Amino acid sequence: MRAVPDVDREKRAAAEAAAELVPDGARVGLGTGSTVAYLLPALAARSLLLRCVATSVETERRARELGLPVEPFTALDRLDVAIDGADQVTPDGWLVKGGGGAHVREKVVAAAAERFVVIVSSDKLCDALAPPVPLEILAFGATSTFRRLPDARVRAGAPPSPDGGVIADWYGGLDDPRAVSAALSAPPGVIDHGLFPPEMVSDVLVGRADQVEHRRLRD
């Protein structure tokens, strides 16, 4: 019988390993979610001189409590490293993100970073992506946008995104993630979606009990 992973233990291991990759003086993008919750204290404990931006109000609040300096993402035009979790990770590096509804900010931060490090427990690994794919929809004209996306549904009970967008999920097939990514980006009312391509990802750190598997996707 396959052993059930200790998910929290694995998240902590991956997060602590990622914190060690951050150099002193770095401009750092801080992601959102339960794995990043382990990253923040590990990063704060290193007492580095950093400039941080956060992808959610909760991440910013917790980072400030721990003494990490967080500033608005307006003065910086690029980051040295961004670190975030993921809901699904394939062997070739495709991601699904957005379970917490902050995927647009997460994608903006990841794209701005020289190095995007993904931290996950082993249960997030998958052979192929499966629906749903999170969406953020512009509130203006949302009914019209949903008409163009018949496989999309508003996420029940989800508050608006950090920037006021409608959080939804798309339940269509994912046999060709690149084609789906392009199709979901096409309607003008879609702000963005939770499919992240492999070329955006530099490293994947996978917690396996107390060990961490480091997958390097690009330099």
Side-chain angles (χ1 to χ4, degrees), residues 1-22 28-46 52 54-63 65-66 68 81-103 105-107 109-110 113 115-134 155-159 161-162 167 169-171 174 177 193-196 198 200-217:
M1 181 179 294
R2 183 179 179 182
V4 177
D6 184 337
V7 171
D8 287 336
R9 185 179 179 186
E10 292 185 348
K11 289 178 179 180
R12 183 189 297 273
E16 290 177 350
E20 292 299 319
L21 298 178
V22 178
V28 184
L30 303 173
T32 298
S34 58
T35 310
V36 171
Y38 290 112
L39 168 72
L40 300 179
L43 193 56
R46 297 192 60 205
C52 300
T55 55
S56 69
V57 173
E58 176 59 23
T59 295
E60 179 174 353
R61 181 193 67 78
R62 181 60 177 145
E65 288 178 349
L66 292 164
L68 291 168
V81 60
I83 305 173
D84 206 351
D87 302 313
Q88 300 179 52
V89 183
T90 66
D92 60 352
W94 274 97
L95 312 178
V96 169
K97 291 177 49 56
H103 47 284
R105 285 193 177 191
E106 291 168 349
K107 189 175 282 188
V109 165
R115 187 177 185 185
F116 178 36
V117 179
V118 177
I119 50 176
V120 293
S121 50
S122 62
D123 62 312
K124 302 300 185 182
L125 303 179
C126 59
D127 293 330
L129 300 180
V133 175
R155 186 180 298 176
S161 78
I167 299 300
D169 293 293
W170 183 83
Y171 289 90
L174 275 171
H193 53 77
L195 285 170
F196 284 53
M200 185 175 284
V201 181
S202 302
D203 307 78
V204 179
L205 301 184
V206 184
R208 296 186 184 276
D210 289 328
Q211 304 300 312
V212 177
E213 174 189 344
H214 188 162
R215 301 181 178 181
R216 191 69 183 263
L217 272 66

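Values below: every heavy atom of this structure, side chains too, minus hydrogens, waters and symmetry copies. Just so we're clear, the structure is a prediction, and the values are computed from it rather than from any experiment.
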Is there a side-chain contact between Asp87 and Val120, using heavy atoms and a 4.5 Å cut-off? no
Side chain to side chain donor-acceptor pair (under 3.5 Å) with Asp92: which residues, sequence neighbours excluded? Thr90
So do His193 and Trp170 actually touch side chain to side chain, heavy atoms under 4.5 Å? no
Sequence neighbours left out, what pairs pass side chain to side chain donor-acceptor pair (under 3.5 Å) with at least one residue falling in residues 33-46? Lys11-Ser34
Can you name the residues that form a side chain to side chain contact (heavy atoms under 4.5 Å, CB included) with Ala44, not counting sequence neighbours? Leu66, Leu68
Which pair of non-hydrogen atoms, one from Gly101 and one from Pro162, has the smallest distance, and what is that distance? O-CD, 3.9 Å
I'd like to check the side chain to side chain donor-acceptor pair (under 3.5 Å) partners of Lys97; sequence neighbours left out, ordered by chain and number. Asp84, Glu106
Over all heavy atoms of both residues, which pair between Ile167 and Ala158 is shortest? Give the atoms and the distance, please. CB-CB, 4.1 Å
Does the side chain of Pro132 come within less than 4.5 Å of Tyr171's, by heavy atoms? yes
Output all residues satisfying side chain to side chain contact (heavy atoms under 4.5 Å, CB included) with Ala82, sequence neighbours left out; order by chain, then residue number. Val109, Ala113, Phe116
Supply the atom-to-atom distance His103 NE2 to Ser161 OG, rounded to the nearest 0.5 angstrom. 8.0 Å
Determine whether a donor-acceptor pair (N or O, by modelled atom type, separation under 3.5 Å) exists between the side chain of Glu10 and the backbone of Ser122. yes
Sorted by chain and number, sequence neighbours left out, side chain to side chain donor-acceptor pair (under 3.5 Å) with Asp203 holds for Arg115, His214, Arg216
How close do Pro91 and Cys126 get, counting heavy atoms only, and between which atoms? CD-O, 3.1 Å
Measure the shortest side-chain to side-chain distance between Pro134 and Val96 over non-hydrogen atoms and say whether it is less than 4.5 angstrom. yes
Not counting sequence neighbours, which residues clear salt bridge (charged side-chain N to carboxylate O under 4.0 Å, His left out) with Arg61? List them please. Glu58, Glu65
How long is the span from the CD atom in Glu60 to the OG1 atom in Thr32, to the nearest 0.5 Å? 11.0 Å
Leu174 and Ala130 have their tightest heavy-atom pair at CD1-C, 3.4 Å
Is Val117 close to Leu205 at the side-chain level, that is, under 4.5 Å between some pair of heavy atoms? yes
Flag side-chain contact, heavy atom, 4.5 Å: Ile83 against Val36: no
Looking at Ala209, is its backbone amide N or carbonyl O close enough to the side chain of Asp6 to form a donor-acceptor pair, meaning the two atoms are under 3.5 Å apart? no
Distance from Leu195 atom CG to Leu129 atom CG, nearest 0.5 Å? 6.5 Å
Got a second to check how far Asp169's CG is from Arg155's CZ, nearest 0.5 Å? 4.0 Å
Set of side chain to side chain contact (heavy atoms under 4.5 Å, CB included) partners for Glu213, sequence neighbours left out: Val206, Arg208, Arg215
For residues Ala110 and Met200, report the shortest heavy-atom separation together with the two atoms involved. CB-SD, 3.9 Å
N/O donor-acceptor pair under 3.5 Å between Thr55 side chain and Leu30 backbone: yes
What pairs with Ser202 under side chain to side chain donor-acceptor pair (under 3.5 Å), at least two apart in sequence or on another chain? Arg218
Going by side chain to side chain contact (heavy atoms under 4.5 Å, CB included), name the residues that satisfy it together with Glu16, two or more places apart in sequence or in a different chain. Arg12, Ala42
Please list all pairs meeting salt bridge (Lys or Arg N to Asp or Glu O under 4.0 Å) that have one or both residues in residues 121-133, counting only residues at least two apart or in different chains. none
Please give me the minimum heavy-atom distance between Leu217 and Val201, naming the atom from each residue. CB-O, 3.5 Å
